[in-house]
K.L.:
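Before anything else, here's the structure in question.
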Amino acid sequence: MPEGPHRANFLELFFDLVFVVVLIQLSHELMQDLTWSGAFRTLVLLLAAWWVWSITAWTTNLYDPQQMSVQLVVTGTMLGSLVMVVALPDAFGERGLAFAGAYVAIHVGRQLFLVLALRGQDLQRRSMRVLTWFGVSAVPWIVGALAPVSARVVLWTLAVAVDFAGGVLRFPTPRLGRSPEAEYPIVAEHLAERYRQLFIIALGELILVGTLTLSASGFAADRTAAFVVSFVATVMFWRIYVHRAGELLPAAISAARRPDPLARFAAIAHLVMLAGIVATAVGDELAITHPLGHTRPSWVAVILGGPALFLAGRAAFEYAVFARVSRDRPIGILVLGALVPPMLLAPPLVAAVAAAAVLVGVAVADTVRAIRGPAESPSPPG
């Protein structure tokens with residue numbers, strides 16, 4: 001097996017552009033059905049999209065993306081992902097089969113290719129295990145696509161659970177056993193850079209949503225103010241993410257006694273942060289479109305809940321790097337929670353200002369701590 005690259009390449013960044021459209025579509029779907037059931041369906045779709053991105057990132061970490069065969073795999077995944085993007089707005093409607101079919105084709109096709117390409121090599125067993133698990137989850141994906149909406153939600157939830165369980169358990173398979181950690185060597189610089197690229201791409205969604213919403217609604221003073229507030233919050237997301245943990249993830253993975261669990265934990269942390277960004281994009285659109293209108297409870301949930309989810313994911317990310325969590329993260333989450341009752345009585349613009357102020361406070365606390373103390377070295381748990 002070739003060694004993985006030390007840096008992410010342009011093809012991988014090109015692939016990430018698809019994810020911008022995915023996140024925009026997810027935010028749009030949540031906006032159209034801002035209920036608990038709508039949020040759950042959006043979560044199922046987010047998990048499916050995340051699993052496509054995550055498995056692709058691990059594939060280019062395990063195999064050299066400079067090889068033409070790997071580039072074909074990534075390009076084929078990109079095409080399948082675009083089909084998923086097109087089908088996503090009506091995934092729980094008439095385009096369910098297109099969405100599920102593209103998802104299954106991506107994963108099964110990738111692993112079939114690797115099984116054939118690795119003939120005669122010990123690592124073929126790794127791809128056979130993964131192929132078996134995706135073959136199992138393909139059943140509820142396809143059956144769910146043909147079922148009514150209520151049953152589709154249940155079956156696709158089961159399918160996502162099977163997919164994620166396989167990854168967490170390292171794909172235990174009858175007769176083939178479970179993949180040992182040694183079969184998943186990690187190139188720290190490459191994997192960390194992939195996560196950073198994805199996060200920057202996700203911030204691009206916030207910028208696009210805010211800009212397009214203001215362009216459609218006009219340059220009224222209150223809407224422009226809401227747009228500026230959304231931009232400030234986006235900058236704070238970037239600042240909080242990058243500060244120390246975002247910079248030191250490669251060193252943390254390299255220093256970890258068991259890099260594989262650490263990398264997987266970091267992946268979960270990034271997934272939570274992405275969920276927060278999707279919710280924040282919806283909150284930004286609402287605040288810019290209706291800055292001085294009546295704030296509904298569901299609006300407060302995304303305007304304040306989005307940043308809270310981001311801080312929760314960022315706290316988990318910090319724990320992965322330093323084996324501890326700065327107090328300002330949970331304090332920020334608690335403050336956002338405490339702001340919910342009064343923000344129900346305030347217009348969306350005020351709620352957006354309050355959320356941005358909490359993020360600014362967390363970023364300032366990070367800066368003060370960095371000035372007062374020496375630079376901290378990574379000390380991953382375990």
Side-chain angles (χ1 to χ4, degrees), residues 5 7-31 41-63 65-66 68-92 95-111 113-114 134 141 145 156 160 163-164 167 190-212 234 267 270-271 273-282:
R7 299 296 300 273
N9 66 4
F10 289 113
L11 178 61
E12 293 171 279
L13 183 58
F14 186 34
F15 171 76
D16 287 349
L17 294 178
V18 177
F19 215 78
V20 178
V21 189
V22 170
L23 293 176
I24 291 175
Q25 292 279 48
L26 288 171
S27 297
H28 180 72
E29 285 305 295
L30 182 58
M31 182 78 172
R41 287 196 292 268
T42 302
L43 175 61
V44 171
L45 297 176
L46 172 61
L47 291 174
W50 166 260
W51 205 231
V52 170
W53 183 91
S54 185
I55 295 295
T56 303
W58 279 82
T59 300
T60 53
N61 184 76
L62 293 169
Y63 306 99
Q66 299 299 330
M68 181 60 68
S69 57
V70 179
Q71 292 178 357
L72 288 174
V73 169
V74 175
T75 305
T77 301
M78 189 186 308
L79 177 60
S81 300
L82 287 173
V83 175
M84 289 176 61
V85 169
V86 173
L88 194 150
D90 199 24
F92 285 98
R95 296 181 178 177
L97 186 58
F99 181 87
Y103 178 89
V104 170
I106 288 171
H107 290 301
V108 172
R110 180 199 293 121
Q111 298 309 318
F113 179 88
L114 291 174
F134 280 128
W141 275 115
W156 282 7
V160 166
D163 286 336
F164 275 72
H190 172 261
L191 200 59
E193 188 170 2
R194 296 296 291 119
Y195 289 142
R196 286 195 293 260
Q197 285 179 348
L198 178 65
F199 186 78
I200 294 300
I201 287 291
L203 293 185
E205 186 226 355
L206 291 179
I207 294 173
L208 277 173
V209 168
T211 303
L212 293 175
T234 301
H270 280 79
L271 174 59
M273 286 188 278
L274 282 181
I277 288 175
V278 169
T280 299
V282 176

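Not measured: the values here are computed from a predicted model.
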K.L.:
Going by the rule side chain to side chain donor-acceptor pair (under 3.5 Å), which residues pair with Arg95 if we only count those two or more places apart in sequence or in a different chain?
P.N.:
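Checked Arg95 against side chain to side chain donor-acceptor pair (under 3.5 Å); zero matches.
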K.L.:
Start with the C-alpha gap between Val209 and Val282, add the side-chain angles, then the distance that decides, and say whether side-chain contact (heavy atoms from CB on, under 4.5 Å) holds.
P.N.:
CA-CA 8 Å; Val209 168; Val282 176; over 6 Å; no
K.L.:
Rounded to the nearest 0.5 Å, what separates atom CG in Leu208 from atom CG in Leu203?
P.N.:
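That separation rounds to 11.5 Å.
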K.L.:
Determine whether Leu274 and Phe199 make a side-chain contact, defined as any pair of heavy atoms from C-beta on separated by less than 4.5 Å.
P.N.:
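No, every pair of side-chain atoms sits at 4.5 Å or beyond.
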K.L.:
For Arg196, what residues pass the side-chain contact (heavy atoms from CB on, under 4.5 Å) criterion, not counting sequence neighbours?
P.N.:
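Only Ala192, Glu193, Tyr241, Pro250 meet the side-chain contact (heavy atoms from CB on, under 4.5 Å) criterion with Arg196.
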K.L.:
What distance do Thr59 atom OG1 and Phe113 atom CZ have between them, rounded to the nearest 0.5 Å?
P.N.:
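Between atom OG1 of Thr59 and atom CZ of Phe113 there are 11.0 Å.
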K.L.:
Using the six-membered ring wherever Trp is involved, compare the ring planes of Phe92 and Trp156 and label them parallel, tilted or perpendicular (cut-offs 30° and 60°).
P.N.:
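Plane angle between 30° and 60°, so tilted.
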K.L.:
Taking all atoms of both residues into account, what is the closest heavy-atom pair of Gln71 and Gln66, and its distance?
P.N.:
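Between these two residues, the closest heavy atoms are NE2-O, 3.5 Å.
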K.L.:
How long is the gap from NE2 on His270 to CD1 on Ile277, to the nearest 0.5 Å?
P.N.:
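The distance works out to 9.5 Å.
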K.L.:
Any side-chain heavy atom of Leu45 within less than 4.5 Å of one from Phe99?
P.N.:
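SC-SC contact between Leu45 and Phe99 confirmed.
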K.L.:
Would you mind reporting whether Val73 and Thr60 have side-chain heavy atoms less than 4.5 Å apart?
P.N.:
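A side-chain contact under 4.5 Å is absent here.
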K.L.:
Check residues 100-107 and write down every donor-acceptor pair under 3.5 Å in which the side-chain atom is one partner and the other belongs to a residue at least two apart or another chain.
P.N.:
from, atom 1, to, atom 2, distance (Å)
Tyr103, OH, Asp163, OD2, 2.6
His107, ND1, Arg110, NH1, 3.1

K.L.:
Answer whether the closest heavy-atom distance between the side chains of Gln197 and Phe15 falls below 4.5 Å.
P.N.:
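A side-chain contact is absent here, since even the closest heavy-atom pair is not under 4.5 Å.
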K.L.:
Quick one: which residue pairs count as a side-chain hydrogen bond (donor to acceptor under 3.5 Å, both in side chains) with a foot in residues 42-53, not counting sequence neighbours?
P.N.:
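Those involving residues 42-53 are Asp16-Trp53.
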K.L.:
Just to verify, what does Leu79 make a side-chain contact (heavy atoms from CB on, under 4.5 Å) with, not counting sequence neighbours?
P.N.:
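For Leu79, no residue satisfies side-chain contact (heavy atoms from CB on, under 4.5 Å) once neighbours in sequence are set aside.
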K.L.:
Any idea which heavy atoms bring Thr211 and Ile207 closest together, and the distance?
P.N.:
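Closest approach of Thr211 to Ile207, heavy atoms only: OG1-O, 2.7 Å.
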K.L.:
Hey, does Gln111 have a side-chain heavy atom less than 4.5 Å from the side chain of Leu114?
P.N.:
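Touching, per the 4.5 Å side-chain cut-off.
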K.L.:
Does any part of the side chain of Thr75, heavy atoms only, come nearer than 4.5 Å to the side chain of Leu11, both counted from C-beta?
P.N.:
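In contact.
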K.L.:
Using a 3.5 Å cut-off and no angle test, enumerate the donor-acceptor pairs between side-chain atoms of residues 17-30 and protein atoms at least two apart in sequence or in another chain.
P.N.:
from, atom 1, to, atom 2, distance (Å)
Gln25, NE2, Val85, O, 3.3
Ser27, OG, Leu23, O, 3.1
Ser27, OG, Glu205, OE2, 2.4
Ser27, OG, Val278, O, 3.3

